[in-house]
**Student:** 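One structure, as structure tokens, below. Some questions next.
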Amino acid sequence: MDQPTDPLARQLALTSKYKSEFLANMSHELTALTTEHFNLQTARMGTVAEANGRSTLYLGTLSSAVIAIAFIGQASRLGDAFYLFALTLLPPVFLLGVFSYLRLVQTSIEDMVYAVGSFRIRQYFLGLDPAAVPFFPPTDPEGLRKLERAGVVSTSQLQTLLTAASMVACINAIVGGVTAALAVRSLLDAPVPAAAVTGAAVAVALATLFLVHQVRRFRRAAAVVRELYEEESP
């Protein structure tokens with residue numbers, strides 16, 4: 001096709017061509033970002049499902065173990081068979097709790113990484129049309145403070161206690177404490193008060209260890225997340 005000879009017509013043709021190319025590239029970019037945002041949200045759903053599944057598996061195993069120990073206790077009247085059965089069954093349950101806790105911490109960190117990626121894409125969409133900003137939940141510092149007052153989000157350090165990992169850690173610490181108390185009572189023939197105090201001390205120590213580990217992992221992950229992107233994470 002012959003090129004237009006009129007300068008104005010030629011300029012309009014070039015402008016229309018560049019505009020079409022720009023719109024095509026913009027469409028491809030938005031499609032890619034929308035797909036990535038969907039993938040990130042799907043990955044977040046996967047972390048939540050896995051956390052629920054692992055928590056349910058651990059609690060179900062612990063419940064079955066407690067029921068079995070109760071039956072043995074009634075049958076043996078807290079004799080040697082009871083202590084042998086309990087000390088054989090509770091350590092594997094405790095190890096399962098440790099493995100479940102460690103994986104739950106990982107899934108929480110994975111969810112945080114996916115959430116940051118989703119928020120960054122969301123911020124990009126908001127930058128395309130400032131008129132649409134009021135229709136999205138606020139993510140600026142002032143908006144986050146409002147959401148915190150409403151109870152939607154929390155920036156308190158105590159929020160760490162409300163995670164699935166913390167739930168499993170606390171229950172597993174009690175399992176470890178009970179195991180230690182039974183071991184002291186059975187192997188050392190210690191009186192019941194001494195065994196109870198020992199078990200309580202072990203449970204508190206384990207719970208503290210789990211909590212400190214979780215806080216350190218979250219802080220280290222939060223620092224590394226900033227390095228995953230060129231700009232500071234929102």
Side-chain angles (χ1 to χ4, degrees), residues 33 35-63 65 91-125 136-141 143-177 202-234:
L33 288 175
T35 303
E36 179 64 15
H37 189 271
F38 173 79
N39 292 335
L40 291 173
Q41 293 300 320
T42 303
R44 293 193 67 188
M45 293 173 59
T47 60
V48 174
E50 182 179 356
N52 292 336
R54 287 183 177 271
S55 301
T56 302
L57 174 64
Y58 170 71
L59 294 177
T61 303
L62 176 59
S63 177
V93 175
F94 177 78
L95 288 178
L96 176 62
V98 172
F99 298 149
S100 300
Y101 158 78
L102 293 176
R103 181 53 188 163
L104 288 174
V105 172
Q106 290 181 347
T107 56
S108 296
I109 294 175
E110 291 176 10
D111 181 76
M112 178 178 63
V113 174
Y114 300 147
V116 171
S118 299
F119 277 124
R120 290 176 62 85
I121 296 176
R122 178 179 180 275
Q123 294 298 101
Y124 176 81
F125 287 153
F136 289 82
T139 54
D140 59 287
L144 289 178
R145 282 192 289 268
K146 294 179 180 178
L147 292 176
E148 185 176 8
R149 290 199 302 269
V152 179
V153 296
S154 176
T155 57
S156 173
Q157 296 292 337
L158 297 178
Q159 188 68 19
T160 308
L161 299 176
L162 305 181
T163 63
S166 296
M167 177 195 68
V168 171
C170 291
I171 296 176
N172 205 46
I174 296 175
V175 173
V202 171
V204 172
L206 289 174
T208 303
L209 181 63
F210 286 138
L211 180 60
V212 171
H213 171 267
Q214 183 178 188
V215 170
R216 288 182 177 179
R217 289 285 286 116
F218 283 170
R219 288 181 177 177
R220 185 171 61 183
V224 175
V225 166
R226 295 174 178 265
E227 302 175 3
L228 296 178
Y229 305 97
E230 296 179 358
E231 300 178 359
E232 185 177 357
S233 301

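Positions are given from 1, in the same order as the sequence printed here. These numbers were taken from a predicted model, which means no experiment stands behind them.
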**Student:** If you measure from CZ on Arg120 to CZ on Phe125, what distance do you get to the nearest 0.5 Å?
**Tutor:** 13.5 Å
**Student:** Between CD1 of Ile174 and CG of Leu62, what distance do you get to the nearest 0.5 Å?
**Tutor:** 9.5 Å
**Student:** So, for Met112 and Ala222, which heavy atoms are closest and what is the spacing to 0.1 Å?
**Tutor:** CE-N, 3.8 Å
**Student:** What distance separates Tyr58 OH from Ile171 CD1, expressed to the nearest 0.5 Å?
**Tutor:** 6.5 Å
**Student:** Identify the heavy atoms of Val168 and Ser55 that sit nearest to each other, and give their distance.
**Tutor:** CG2-OG, 4.0 Å
**Student:** Using side chain to side chain contact (heavy atoms under 4.5 Å, CB included) as the criterion, list what pairs up with Leu57, not counting sequence neighbours.
**Tutor:** Thr61
**Student:** Show me the donor-acceptor pairs, under 3.5 Å and distance only, between side chains in residues 92-106 and residues at least two apart or in other chains.
**Tutor:**
from: Ser100; atom 1: OG; to: Leu96; atom 2: O; distance (Å): 2.8
from: Tyr101; atom 1: OH; to: Phe210; atom 2: O; distance (Å): 2.6
from: Tyr101; atom 1: OH; to: His213; atom 2: ND1; distance (Å): 2.9
from: Tyr101; atom 1: OH; to: Gln214; atom 2: N; distance (Å): 3.3
from: Arg103; atom 1: NE; to: Glu50; atom 2: OE2; distance (Å): 2.7
from: Arg103; atom 1: NH1; to: Gln106; atom 2: OE1; distance (Å): 2.8
from: Arg103; atom 1: NH1; to: Glu110; atom 2: OE2; distance (Å): 3.2
from: Arg103; atom 1: NH2; to: Glu50; atom 2: OE1; distance (Å): 3.1
from: Arg103; atom 1: NH2; to: Glu50; atom 2: OE2; distance (Å): 3.4
from: Arg103; atom 1: NH2; to: Glu110; atom 2: OE2; distance (Å): 3.4

**Student:** Under the rule for side chain to side chain contact (heavy atoms under 4.5 Å, CB included), what residues qualify as partners of Thr42, not counting sequence neighbours?
**Tutor:** Phe38
**Student:** Nearest heavy-atom pair of Leu206 and Ala173: which atoms, and what distance?
**Tutor:** CB-CB, 3.8 Å
**Student:** Name all residues meeting the side chain to side chain contact (heavy atoms under 4.5 Å, CB included) criterion together with Val215; count only those two or more places apart in sequence or in a different chain, and write none if there are none.
**Tutor:** Thr160, Leu211, Arg219
**Student:** Sequence neighbours excluded, which residues qualify as side-chain hydrogen bond (donor to acceptor under 3.5 Å, both in side chains) partners of Gln41?
**Tutor:** Ser118
**Student:** Keeping the roles fixed (side chain from Asp111, backbone from Thr107), state whether a donor-acceptor pair exists under 3.5 Å.
**Tutor:** no
**Student:** Per the side-chain hydrogen bond (donor to acceptor under 3.5 Å, both in side chains) rule, what does the pair list look like for residues 202-211, sequence neighbours excluded?
**Tutor:** none
**Student:** Could you pull out all residues at least two apart from Ala205 that satisfy side chain to side chain contact (heavy atoms under 4.5 Å, CB included)?
**Tutor:** none
